[in-house]
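Numbered from 1 within each chain, the chains take letters A, B, ... in sequence-line order. Heavy-atom basis, side chains included; hydrogens, waters and symmetry copies ignored.
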Amino acid sequence: MDFYKRVEYVCKQIPRGRAATYGQIALLCGMPSHSRQVGYALNKKIKSPDIPAHRIVNHKGYLSGSASFTYPDTQESLLKKEGIPVTPEHTIDLKKYAWRHTLDDAIRFRTYFAAHNL
DNA sequence: AGGATGACCGGAC
DNA sequence: GGTCCGGCCATCC
């Protein structure tokens with residue numbers, strides 16, 4: 001069971017123009033209480049250009065990871081480029097732009113992890 | 001070994 | 001609705 005590989009896989013499935021929360025990623029990884037480790041993973045373990053890390057925000061919609069991008073406003077511009085407005089307080093409207101994953105999504109991830117020994 | 005740290009969360013109020 | 005607070009847990013030092 002490789003939690004960080006799971007995080008990497010799930011993050012890549014976040015659709016363009018939508019944002020997910022750390023807790024949501026943790027849940028889809030099968031470890032609902034590991035939201036902090038998701039942040040840790042993005043910051044240290046799986047930093048990579050092919051992971052849409054800018055689409056991950058905290059449960060209030062705040063861009064808590066902005067300081068870890070090359071420039072603090074990198075995350076904001078990436079989001080705006082996808083059509084997600086960012087307020088001056090560095091938050092987005094989760095009511096409108098949250099990724100609403102389905103139960104089928106969750107099941108698909110679970111079977112994928114089982115099949116690939118993650 | 002054990003206390004501190006962190007891109008966090010949900011419930012209580 | 002909003003803010004606060006206790007809980008959370010792998011890593012780091």
(message) Pairing donors with acceptors under 3.5 angstrom, does anything connect the side chains of A/Thr87 and A/Glu89?
(response) yes

(message) Between B/dA7 and C/dG6, how far apart are the two P atoms, rounded to whole Å?
(response) 22 Å

(request) Would you mind reporting whether A/Ile56 and A/Cys11 have side-chain heavy atoms less than 4.5 Å apart? (result) yes

(request) Side-chain contact test, heavy atoms from C-beta onward, threshold under 4.5 Å: evaluate it for A/Val38 versus A/Phe3 and give yes or no. (result) yes

(message) Can you tell me how the ring of A/Tyr40 sits relative to the ring of A/Tyr4, calling it parallel under 30°, perpendicular over 60° and tilted otherwise?
(response) tilted

(request) If a protein heavy atom is under 4.0 Å from the base, mark B; if only from the sugar-phosphate, S; if neither, -; do that for nucleotides 4-13 of chain B going 5' to 3'. (result) --BBBBB---

(request) Could you summarise the pairing of DNA chain C as dot-bracket text, marking Watson-Crick and G-U pairs under 3.5 Å with ( ) or [ ] inside the strand and | across strands? (result) .||||||.|||||

(message) If you define the side chain from C-beta out and look only at heavy atoms, does anything of A/Tyr97 sit under 4.5 Å from A/Pro85?
(response) yes

(message) Does A/Lys96, at its NZ atom, have more than 12 non-hydrogen atoms belonging to other residues, nucleotides or ligands within less than 6.0 Å?
(response) no

(message) Distance check needed: C/dT3 P versus A/Glu89 CD, whole Å only.
(response) 11 Å

(request) Taking only the side-chain nitrogens and oxygens of A/Tyr4, find out if one of them lies under 4.0 Å from OP1 or OP2 of C/dT11. (result) yes

(request) State yes or no: do A/Trp99 and A/Leu42 share one hydrophobic cluster built from I, L, V, M, F, W and Y residues joined by side-chain heavy-atom distances below 4.5 Å, directly or via other members? (result) yes

(message) Run the side-chain hydrogen bond (donor to acceptor under 3.5 Å, both in side chains) test on A/Tyr22 and A/Ser64 for me, step by step, so that the C-alpha distance in whole Å, both residues' side-chain angles and the decisive distance to 0.1 Å come before the verdict.
(response) CA-CA 10 Å; A/Tyr22 299 90; A/Ser64 44; 3.2 Å; yes

(request) Please lay out, stage by stage, how A/His54 and A/Glu82 fare under the test side-chain hydrogen bond (donor to acceptor under 3.5 Å, both in side chains). (result) CA-CA 11 Å; A/His54 58 283; A/Glu82 298 187 357; 2.9 Å; yes

(message) Within the 4.5 Å heavy-atom criterion, are A/Leu78 and A/Lys81 side-chain neighbours or not?
(response) yes

(message) Any residue in residues 100-109 of chain A with a heavy atom nearer than 4.0 angstrom to DNA chain B? Just list them by number, or reply none.
(response) none

